[in-house]
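Everything below concerns the one structure shown next.
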Amino acid sequence: MLTEYEQEETRIRSVYAGRDHSGKPSLYRWHRDEVLLNQYRFQEAAAFLLRTDGLTELSQLEMLDVGCGVGGWLRKLLEWGASANRLHGIDLLQDRIDNARCLSSGIDFQVASGYELPFPDSSMDLISAHTVFSSIVDTEHRKSLAEEMVRVLRPGGRILIYDYRISDPRNRDTVGIRTYEIRRLFPGRSLRVRSLTLAPPIARRIAPVSPLLCQLLERCIPFLRTHLFCLLR
């Protein structure tokens with residue numbers, strides 16, 4: 001009989017399988033104007049948070065990406081100077097991990113549960129989780145994942161979270177993660193937050209015509225931003 005955590009992971013696998021067959025992945029193809037713009041803004045925000053927290057030399061840091069998908073964020077860290085043998089990624093989906101290994105054979109990719117991370121206590125300097133917590137609809141399950149991330153984090157280490165901050169009432173498989181929820185999940189830690197990412201329905205219409213207007217709307221109208229970027233220490 002499945003445990004409650006295994007049931008939750010089975011639900012998440014089913015949700016992602018449904019998305020893969022729904023046609024939605026075509027909205028996130030690499031060549032789309034709004035996708036390229038969002039990738040640039042994501043990398044800009046991540047670099048800002050890391051740089052202003054003193055993390056400019058990455059080669060000696062042990063880093064883990066929870067819910068790594070096909071490993072895009074870890075490959076970006078590799079470009080920024082991280083060492084491949086110090087990069088680790090886990091995901092629930094075997095096909096994601098298979099693709100990640102094909103693309104980056106030098107990085108440690110594993111199919112594993114976030115509720116039982118396959119790493120020793122205090123072994124990571126930086127742990128990231130991008131659009132992971134919003135996929136966990138149960139509050140206590142989110143808390144369990146956060147506690148497991150904290151377990152493997154070294155004293156003085158950082159946690160980097162990028163996630164949806166607005167719930168979509170049409171999608172009951174995700175939930176918005178606001179700043180107060182981040183504080184609940186990781187109590188007693190210093191927190192720096194930025195909001196970013198122009199609402200996708202708007203970006204899809206405007207980016208092909210004017211990427212500059214997209215950036216202006218995102219920078220000048222906060223309520224149009226759908227995601228938050230957090231650095232915890």
Please confirm whether the backbone N or O of [Y] pairs with a side-chain atom of [X], one donor and one acceptor, at under 3.5 Å?
X: E116; Y: S113; result: no
X: R13; Y: L92; result: yes
X: R172; Y: V137; result: no
X: T10; Y: E6; result: yes
X: R142; Y: I136; result: yes
X: D91; Y: G69; result: yes
X: D168; Y: R170; result: yes
X: S83; Y: S59; result: yes

Report yes or no: do [X] and [Y] belong to one cluster of Ile/Leu/Val/Met/Phe/Trp/Tyr joined by side chain heavy-atom distances under 4.5 Å?
X: L58; Y: L49; value: yes
X: L87; Y: L50; value: yes
X: M63; Y: L117; value: no
X: M149; Y: L77; value: no
X: I182; Y: V150; value: yes

Please check if the distance between the ring centroids of F42 and H227 is under 6.0 Å.
no
Give me the atom names and distance for the closest heavy-atom approach of [X] to [Y].
X: S104; Y: R75; result: OG-CD, 2.9 Å
X: I161; Y: H130; result: C-CD2, 4.5 Å
X: E218; Y: L196; result: OE2-CB, 3.1 Å
X: S195; Y: R165; result: CB-NE, 4.0 Å
X: R101; Y: F109; result: NH2-O, 2.8 Å
X: F133; Y: A146; result: CE2-N, 4.1 Å

Got a second to check how far [X]'s [atom1] is from [Y]'s [atom2], nearest 0.5 Å?
X: D163; Y: T197; atom1: CG; atom2: OG1; value: 10.5 Å
X: F229; Y: L160; atom1: CZ; atom2: CG; value: 4.5 Å
X: I202; Y: R204; atom1: CD1; atom2: CZ; value: 11.0 Å
X: L36; Y: H31; atom1: CG; atom2: NE2; value: 9.0 Å
X: S167; Y: I177; atom1: OG; atom2: CD1; value: 7.5 Å
X: I127; Y: I159; atom1: CD1; atom2: CD1; value: 5.5 Å

In terms of side-chain geometry, is the basic nitrogen of [X] or [Y] positioned less than 4.0 Å from the acidic oxygen of its partner?
X: E140; Y: K143; answer: no
X: D20; Y: R96; answer: yes
X: R178; Y: E181; answer: no

Are the side chains of [X] and [Y] in touch, meaning some heavy atoms are under 4.5 Å apart?
X: F186; Y: C230; value: no
X: C102; Y: V70; value: no
X: Q7; Y: H141; value: no

Aromatic ring pairing Y5/Y115, orientation class (parallel under 30°, perpendicular over 60°, tilted between)
tilted
Evaluate whether atom CZ of R19 has more than 12 neighbouring non-hydrogen atoms of other residues, nucleotides or ligands under 6.0 angstrom away.
yes
Candidate pair R219 and R41, rule side-chain contact (heavy atoms from CB on, under 4.5 Å), full reasoning:
CA-CA 11 Å; R219 291 178 187 274; R41 290 287 293 126; 3.9 Å; yes
Are side-chain N/O atoms of T139 and R184 paired as donor and acceptor at under 3.5 Å?
no
